[in-house]
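Remarks on the structure that follows.
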Amino acid sequence: MVPLILVLLLALILFGAGFALKALWWIAIIVLILWLLGFVFRSAGSSGSRGRWYRW
């Protein structure tokens, strides 16, 4: 009975870690796309040079 519980617990932990890593990959891809779009759509400054698209 104890080995069965340990195997099920291990499977649950690995499934949770796999889901979390997959979700983090999707979040990283979305952030990368937004970051690249920021470079494409950044506005020109008053002197004609292109400024930073972020505030900090």
Side-chain angles (χ1 to χ4, degrees):
M1 184 68 180
V2 173
L4 179 64
I5 292 175
L6 289 176
V7 168
L8 290 174
L9 186 61
L10 181 64
L12 184 65
I13 290 172
L14 291 177
F15 173 76
F19 178 76
L21 288 175
K22 188 173 182 178
L24 286 175
W25 270 111
W26 281 110
I27 291 170
I29 290 171
I30 291 169
V31 168
L32 176 66
I33 290 171
L34 290 174
W35 182 63
L36 291 174
L37 285 174
F39 279 110
V40 172
F41 293 115
R42 61 184 171 182
S43 61
S46 60
S47 63
S49 64
R50 298 185 82 144
R52 293 183 299 195
W53 61 273
Y54 49 87
R55 294 179 185 245
W56 36 269

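In this structure, Met1 CE and Leu6 CG are separated by 11.0 Å, a value rounded to the nearest 0.5 Å. In this structure, the separation between CG on Leu9 and CG on Leu14 is 9.5 Å, given to the nearest 0.5 Å. Note that the CG atom of Leu10 and the CD1 atom of Ile5 stand 13.5 Å from one another [nearest 0.5 Å]. Between the CD1 atom of Ile30 and the CH2 atom of Trp25 there is a distance of 13.5 Å, given to the nearest 0.5 Å.
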